[in-house]
There are 2 protein chains.
Amino acid sequence: METENGTRWLSDEEQRAWRIHLDVSRLLTYQLERDLQPFGLTMNDYEILVNLSESEGHRMRMSDLAAATLQSKSRLSHQITRMENAGLVRRENCESDRRGLYAVLTEDGWETMRKVAPHHVESVRKHFIDLLSPEALEAVHDSLTPIADHLRAQRGRV
Amino acid sequence: METENGTRWLSDEEQRAWRIHLDVSRLLTYQLERDLQPFGLTMNDYEILVNLSESEGHRMRMSDLAAATLQSKSRLSHQITRMENAGLVRRENCESDRRGLYAVLTEDGWETMRKVAPHHVESVRKHFIDLLSPEALEAVHDSLTPIADHLRAQRGRV
DNA sequence: CTGTAGAAGTTGAATTTCGAACCAATGGAT
DNA sequence: ATCCATTGGTTCGAAATTCAACTTCTACAG
């Protein structure tokens, strides 16, 4: 599986596994995005709502939120501005650290979350979870976990 | 695992598997994108180069290319324009169907491909393939395949 | 033939994302 | 106390993406 210049090319199995992972991840976000559209939300919006909903006080520091959702600060900042305009969240400043800001779920944001969540879960089931046997589910989880760890470690590195 | 309103919420295992898949797919594209940056290419660029390289005559119809790379026609059109400006591909029209266009790899595009491919493969290995045991690789492939099929079937549906 | 629905691609404007530069506040060193 | 390197966040301009409108051509029904 190695050639003159020393490159370890992918075997057929490796190729296939890699391709399928790539395709699924793209097709899946495409589909979930689509299922969310009728509610006027994007996956990004939704994920932020989830994170805030699960946090106490329905609030999170901007940087924590950025880290949790794997977005750049810049991108999150824009994102929150849009959601603020849509009335889903508001910014509140943080008195313990005067540089800091909280993104806080509004009543409207909370309501939206409660309304949309069941549909989104249904969507995730239909297009992913329910297509996996319990064993497959476990296999996927166990296989992917070390990769996630590895990638998170790389994340900040130069 | 079901609640009053009939929603089948995700179990903890399901949650975890789902989250990890999502995270891996994001972290991975982020990382691969990064590894490609020194060569002045994006994953999109690269994927188009691959597709063209593997096609006979180093050419593909725009719509086939769009389908193969899961992009919209519009997006592909812009993408090819950029790559054309970068000298990696050129458009050629198709005499069998006068609406049609081929995207064709230029000599430069081909050279770039040959130069970059080993690094990209190395990157895919380092951040994905080599972190999976052969069994895990097979499990991932087998688990994800039906999902990909399902999603491709949904794809065009209204 | 002719008309017309649909396919192939492009275009342009609006939106989103990225990256770098920026400002303000913090927490240690000295 | 005073630097000053870092952290938290925003902003700006450039690049990428989306969405709808548009043109040209094909295919095929009548």
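In the text below, chain A, chain B and the rest are named by the order of the sequence lines, each starting its count at 1.
- Taking atom CE of residue A/Met83 and atom P of nucleotide C/dT17, one finds them 12 Å apart after rounding to whole Å.
- We find that OH of A/Tyr102 is positioned 12 Å from P of D/dG8, with the value rounded to whole Å.
- With hydrogens and angles disregarded, no donor-acceptor distance shorter than 3.5 Å links the side chain of A/Ser77 to the backbone of A/Lys73.
- Following rounding to the nearest Å, A/Arg34 (CZ) and D/dC19 (C1') show an atom-to-atom distance of 15 Å.
- A salt bridge does not link A/Glu84 to A/Arg82: none of the charged nitrogens lies less than 4.0 Å from a carboxylate oxygen.
- The CD atom of B/Glu92 sits 14 Å away from the P atom of C/dG9 (whole-angstrom rounding).
- Along DNA chain D, the nucleotide nearest B/Gln79 and the nucleotide nearest B/Glu95 are compared for position; the residue whose nucleotide lies closer to the 5' end is B/Gln79.
- Using a distance-only test at 3.5 Å, with no hydrogens or angles considered, a donor-acceptor pair links the side chain of A/Ser133 to the main chain of A/Ala136.
- Looking at B/Asp45, its side chain does come within 3.5 Å of a backbone N or O of B/Thr42 through a donor-acceptor pair.
- Judged by distance alone, with hydrogens and angles left aside, the side-chain atoms of A/Ser123 form no donor-acceptor pair with the main-chain N or O of A/His119 at under 3.5 Å.
- Summarising the geometry, the separation between CD on B/Glu33 and P on C/dT17 is reported as 14 Å, rounded to the nearest angstrom.
- Scanning atom types as modelled, no donor and acceptor separated by under 3.5 angstrom connect the side chain of A/Ser72 and the base of C/dC18.
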Return all side-chain donor-acceptor pairs below 3.5 angstrom for residues 96-108 of chain A, not counting sequence neighbours, or 'none' if the list is empty.
from: A/Asp97; atom 1: OD1; to: A/Arg99; atom 2: N; distance (Å): 3.0
from: A/Asp97; atom 1: OD1; to: A/Arg99; atom 2: NE; distance (Å): 3.1
from: A/Asp97; atom 1: OD2; to: A/Arg99; atom 2: NH2; distance (Å): 2.9
from: A/Thr106; atom 1: OG1; to: A/Gly87; atom 2: O; distance (Å): 2.7
from: A/Thr106; atom 1: OG1; to: A/Leu88; atom 2: O; distance (Å): 2.9
from: A/Thr106; atom 1: OG1; to: A/Asp108; atom 2: N; distance (Å): 3.4
from: A/Thr106; atom 1: OG1; to: A/Gly109; atom 2: N; distance (Å): 2.9

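- Between A/Lys73 atom NZ and C/dT17 atom C1' there is a gap of 17 Å when expressed in whole angstrom units.
- When distances are taken from the side chain of B/Arg75 to each of D/dT17, C/dT10, D/dC25, the shortest belongs to D/dT17.
- At a cut-off of 3.5 angstrom, the base of C/dG12 holds at least one donor-acceptor pair with the side chain of B/His78.
- Toward the 5' end of DNA chain C, the nearer of the two residues A/Asp97 and A/Arg82, judged by each one's closest nucleotide, is A/Arg82.
- The base of C/dT26 does not come close enough to the side chain of A/Arg99 for any donor and acceptor atom to sit less than 3.5 Å apart.
- Note that CG of B/Leu76 and CD1 of B/Ile48 are 5.0 Å apart. Values are rounded to the nearest 0.5 Å.
- At a non-hydrogen distance threshold of 4.0 Å, B/Arg61, B/Met62, B/Ser63 from residues 54-66 of chain B come into contact with DNA chain C.
- Residue B/Gln37 is classed as a sugar-phosphate contact, given heavy-atom separations below 4.0 Å to backbone atoms only.
- No hydrogens or angles were tested; on distance alone, nothing pairs the side chain of A/Ser77 with the base of D/dG9 as donor and acceptor under 3.5 Å.
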